[in-house]
Structures are given as structure tokens and as C-alpha cells.
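Written out below as C-alpha cells is the structure these notes cover.
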Amino acid sequence: MEKRGTGVKGFAKGRAFVVKDGASRNPFENIPPGSILVARTVSLSDSALINFHNVVGLVTEEDDPAGHVRVIARGIGIPAIVGIQGCTSDIFSGDRMLIRNLDVVVNPDLETVNEYERLRSESDTQLSLDLHSDA
């Protein structure tokens, strides 16, 4: 499954951690390292409950009219894709996920993973500084 949203571009590869119900004490606890957090939305108050050391990307079902998800993502330096309708019902915790700019890919095949790695490598090369150049 591949869907496109809006948000903060970037690259992330990890396993889905899906939060469907915010009624529990802290639905964000026990997020494993390397997770892409998938939720209906993430508010500023929710962000205080999330261990962002374990989160490599955010995907939300609702759009982000107030910009809270984008602010959170930019602040911690991870991609955030918003407005992915049905993501909390179509994606399951443990699914393999890729975020590639503004695209979300769930359970990608090998060809898609290889293309992701190529694009990420090109992006890293474009952003890196050559501190040893003589110029």
C-alpha cells in the first residue's frame, strides 16, 4: 500500500506503532525503538507523553490545520505525513513502513526498498558537507 499526504518531507524506515484509542492512561508508552508512530492525530499535549527517542517518523489520519504535528516533527528532526485517511485501520502495529518524502509505503517489496535506499543515499549525499575540500 502506498499513499501520499502532506507534511514534513524526509526519509524514515521502521515498524508501525499504531495508536487507535487515546482513552488509555498513556497510549504512547512502550513505543519500540525505530518506530513510525501512526495515529489519528498527535496534539501538543500528546507530545509530552511520547518518547521521541524511539520514533523515526509520524503518520496521522487527520490533516494538521493548526500545524502542531509539523511543529513537533520539525523540532525533533523527523518526517511527518498528515492526512492519510484510514491509516489507523489500514496499518497495523509491526507492519514494515517507509516514509519517502511525502509518500507512505506499507509492507514494501524488495524493489521498493532498494529504490528507497537509493533515494535516501542521494539525499544524504546532497545534504552532506565536504569539510575536507580544498576549495
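Hydrogens, waters and symmetry mates are skipped; everything else that's a heavy atom, side chains included, is used. Just so we're clear, the structure is a prediction, and the values are computed from it rather than from any experiment. When a residue number appears, it is its place in the shown sequence, counting from 1.
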Problem set entry | Transitive ILVMFWY side-chain link Val106 to Val56, under 4.5 Å | yes
For this session: State, yes or no, whether a side-chain contact exists between Glu2 and Arg100 at a heavy-atom distance under 4.5 Å.
Result: yes
Indicate every side-chain donor-acceptor pair of residues 73-91 with a distance under 3.5 Å to a residue at least two apart or in another chain.
from: Gln85; atom 1: NE2; to: Glu61; atom 2: O; distance (Å): 3.2
from: Thr88; atom 1: OG1; to: Glu61; atom 2: OE1; distance (Å): 2.7
from: Ser89; atom 1: OG; to: Gly86; atom 2: O; distance (Å): 3.0
from: Asp90; atom 1: OD2; to: Lys3; atom 2: NZ; distance (Å): 3.1

Exercise. Salt-bridged, Glu117 to Lys13, with N to O below 4.0 Å?
Worked result: yes
For this session: Grab the two heavy atoms, one from Gly57 and one from Val55, that are nearest each other, plus how far apart they are.
Result: O-CG1, 3.2 Å
For this session: Kindly compute the distance separating CG (Leu110) from CD (Glu115), expressed to the nearest 0.5 Å.
Result: 12.0 Å
Exercise. Going hydrophobic residue to hydrophobic residue with side-chain gaps under 4.5 angstrom, can you get from Met1 over to Leu37?
Worked result: no
Exercise. How long is the span from the CG atom in Asp103 to the CZ atom in Arg4, to the nearest 0.5 Å?
Worked result: 4.0 Å
Exercise. Are Leu119 and Val8 connected in a single hydrophobic cluster, I mean Ile/Leu/Val/Met/Phe/Trp/Tyr linked by side-chain heavy atoms less than 4.5 Å apart?
Worked result: no
Problem set entry | Working for side-chain contact (heavy atoms from CB on, under 4.5 Å), residues Val104 and Leu98 | CA-CA 6 Å; Val104 175; Leu98 302 175; over 6 Å; no
Exercise. Out of curiosity, Lys20 NZ to Ser93 OG, how far, rounded to the nearest 0.5 Å?
Worked result: 8.0 Å
Exercise. According to the side-chain hydrogen bond (donor to acceptor under 3.5 Å, both in side chains) rule, which pairs have a member within residues 46-57, sequence neighbours left out?
Worked result: Ser43-Asp46
For this session: Give a yes or no on this: more than 12 heavy atoms of other residues, nucleotides or ligands lie within 6.0 Å of atom CZ of Arg40.
Result: no
Exercise. Is there a chain of hydrophobic side chains (I, L, V, M, F, W, Y, each step under 4.5 Å between heavy atoms) that links Val59 to Val69?
Worked result: no
Problem set entry | Inter- and intrachain pairs under ring-ring contact (aromatic ring centres under 6.0 Å, His included), touching residues 78-112, at least two apart | none
Problem set entry | Same apolar cluster: Ile50 and Val71, side chain cutoff 4.5 Å | no
Exercise. With distance as the sole test, does Asn107 use its side chain to make a donor-acceptor pair with the main-chain N or O of Asp95 at under 3.5 Å?
Worked result: no
Exercise. Would you say the side chain of Asp63 lies within less than 4.5 Å of the side chain of Thr6, judging by non-hydrogen atoms?
Worked result: yes
Exercise. Is any side-chain heavy atom of Met97 closer than 4.5 Å to a side-chain heavy atom of Arg15?
Worked result: no
Exercise. Does Arg70 have any salt bridge (charged side-chain N to carboxylate O under 4.0 Å, His left out) partners at least two apart in sequence or in another chain, and if so, which?
Worked result: Asp64
Problem set entry | Side-chain donor/acceptor of Asn26 to backbone N/O of Phe28, under 3.5 Å | yes
Exercise. Heavy atoms, side chains only, cut-off 4.5 Å: are Ile36 and Leu58 in contact?
Worked result: no
For this session: Can you sort out the partners of Glu29 under salt bridge (charged side-chain N to carboxylate O under 4.0 Å, His left out), two or more places apart, ordered by chain and number?
Result: Arg25
For this session: Mind checking the OG1-NE2 spacing from Thr60 to His68? Nearest 0.5 Å is all I need.
Result: 12.5 Å
For this session: State, with a plain yes or no, whether a side-chain heavy atom of Phe52 is found less than 4.5 Å away from one of Ile72.
Result: yes
Seminar exercise, completed: Residues passing the ring-ring contact (aromatic ring centres under 6.0 Å, His included) test with Tyr116, sequence neighbours excluded, are Phe11
Exercise. Thr41 side chain to Glu62 main-chain N or O, any donor-acceptor pair under 3.5 Å?
Worked result: no
